[in-house]
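Just so you know, these numbers come straight off a predicted model, no measurement behind them.
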Amino acid sequence: MTLEEIHGQEPVPAGHDWMQGAGKALHELLVSAQRRGCLTAGVYESAKLMNVDPDNVAFCVLATDEEDEGDIALQIHFTLIQAFCCENDIDIVRVNDVAKLAAIVGPSEDSGEPRDLHCILITNPNEDGWKDPALEKLNSFCEESRNVNDWVPTITLPE
């Protein structure tokens, strides 16, 4: 008998398709959020937004590359952001490819400069909330991951 059977939970699908589906949903969500103006990029900008209006944050993405793994300051920021997200019931995922995120999100619209993509927040543009199928799929993915004690799952973005 598995832990999932004891607690009546379905195990997270263990196939490549499940992870690929989550990666595709994240790609769709990022594109849609950027079009709607509901995307905040940057550790500092994200922390500022979460401090001012945490109820408006719908989803959080933390991204690193191999060279970022040794950055202690960034890891401390990530720990604090994760704690804040857990405390405020904000779903959160990790991505291990900042270059793919940059290809999806692109440079800053204001200056055209590359921007800090280590933390990206998706916000709700109004009080009614934002019903996006990709966001709902990612929320389900995060819930399933939490059921197997993976509190901050890692998603691989599609090519």
Side-chain angles (χ1 to χ4, degrees), residues 12 19 21-158:
V12 174
M19 289 301 288
K24 185 177 179 203
L26 180 58
H27 183 277
E28 292 170 7
L29 179 63
L30 291 169
V31 169
S32 178
Q34 184 158 358
R35 238 180 305 148
R36 293 175 170 267
C38 303
L39 187 139
T40 300
V43 173
Y44 176 74
E45 293 81 1
S46 297
K48 197 163 69 171
L49 177 66
M50 286 191 284
N51 188 42
V52 173
D53 193 9
D55 294 334
N56 203 28
V57 178
F59 199 78
C60 179
V61 178
L62 297 178
T64 58
D65 278 330
E66 285 182 25
E67 63 265 7
D68 295 324
E69 295 299 323
D71 187 343
I72 300 300
L74 184 62
Q75 297 307 319
I76 291 170
H77 285 297
F78 279 6
T79 301
L80 294 171
I81 290 168
Q82 288 173 13
F84 187 88
C85 288
C86 289
E87 189 174 300
N88 288 283
D89 296 322
I90 299 167
D91 285 327
I92 182 170
V93 296
R94 278 187 174 256
V95 172
N96 289 330
D97 196 336
V98 177
K100 282 185 186 176
L101 272 179
I104 296 167
V105 177
S108 174
E109 293 172 7
D110 299 334
S111 65
E113 295 287 317
R115 52 183 160 178
D116 174 15
L117 298 176
H118 289 105
C119 183
I120 297 176
L121 297 180
I122 309 298
T123 57
N124 285 318
N126 56 39
E127 293 176 7
D128 298 334
W130 174 30
K131 304 297 181 217
D132 186 290
L135 179 59
E136 291 175 17
K137 185 182 276 189
L138 285 167
N139 288 335
S140 295
F141 173 79
C142 288
E143 184 177 338
E144 290 293 322
S145 295
R146 283 191 298 272
N147 287 339
V148 293
N149 290 326
D150 187 4
W151 295 96
V152 184
T154 301
I155 291 180
T156 303
L157 291 167

Please report, to 0.1 Å, the donor-acceptor pairs under 3.5 Å made by any side chain of residues 97-106, with sequence neighbours excluded.
{"from": "Asp97", "atom 1": "OD1", "to": "Ala99", "atom 2": "N", "distance (Å)": "3.2"}
{"from": "Asp97", "atom 1": "OD1", "to": "Lys100", "atom 2": "N", "distance (Å)": "3.2"}
{"from": "Lys100", "atom 1": "NZ", "to": "Leu157", "atom 2": "O", "distance (Å)": "3.0"}
{"from": "Lys100", "atom 1": "NZ", "to": "Glu159", "atom 2": "OE2", "distance (Å)": "2.8"}

Min side-chain heavy-atom separation Phe78-Val152 under 4.5 Å: no
Spacing of CG belonging to Leu62 relative to CG belonging to Leu121, to within rounding of 0.5 Å: 8.5 Å
Results of side-chain hydrogen bond (donor to acceptor under 3.5 Å, both in side chains) for Asp65 - residues two or more places apart only: none
Pairs satisfying side-chain hydrogen bond (donor to acceptor under 3.5 Å, both in side chains), at least one member in residues 78-95, at least two apart: Asp91-Arg146
Where Lys137 and Gly21 come nearest, the two heavy atoms and their spacing: CD-O, 4.0 Å
Asn124 versus Ala58, closest heavy-atom pair with distance: OD1-CB, 3.9 Å
Euclidean distance, Ile81 CD1 relative to Cys86 SG, rounded to 0.5 Å: 12.0 Å
Spacing of Glu136 atom CD and Leu138 atom CG [to the nearest 0.5 Å]: 10.5 Å
Rounded distance [0.5 Å steps], CD1 in Ile90 versus CD1 in Ile122: 12.0 Å
side-chain hydrogen bond (donor to acceptor under 3.5 Å, both in side chains) contacts touching residues 38-50 (sequence neighbours left out): none
Validation row: Ile92, Cys142 side chains within 4.5 angstrom (heavy atoms): no
Flag, side chain of Asn51 to backbone of Ala47, donor-acceptor distance under 3.5 Å: no
Validation row: Ile155, Phe141 side chains within 4.5 angstrom (heavy atoms): yes
Partners meeting side-chain contact (heavy atoms from CB on, under 4.5 Å) with Ala134 (sequence neighbours left out): Ala25, Glu28, Leu29, Asp132
Test log, rule side chain to side chain contact (heavy atoms under 4.5 Å, CB included), inputs Val95 and Thr154: CA-CA 6 Å; Val95 172; Thr154 301; over 6 Å; no
Exceeds 12 heavy-atom contacts within 6.0 angstrom, atom CD of Glu69: yes
Spacing of Asn56 atom CG and Leu49 atom CG [to the nearest 0.5 Å]: 7.0 Å
Qualifying residues under side-chain contact (heavy atoms from CB on, under 4.5 Å), relative to Leu80, sequence neighbours excluded: Ile76
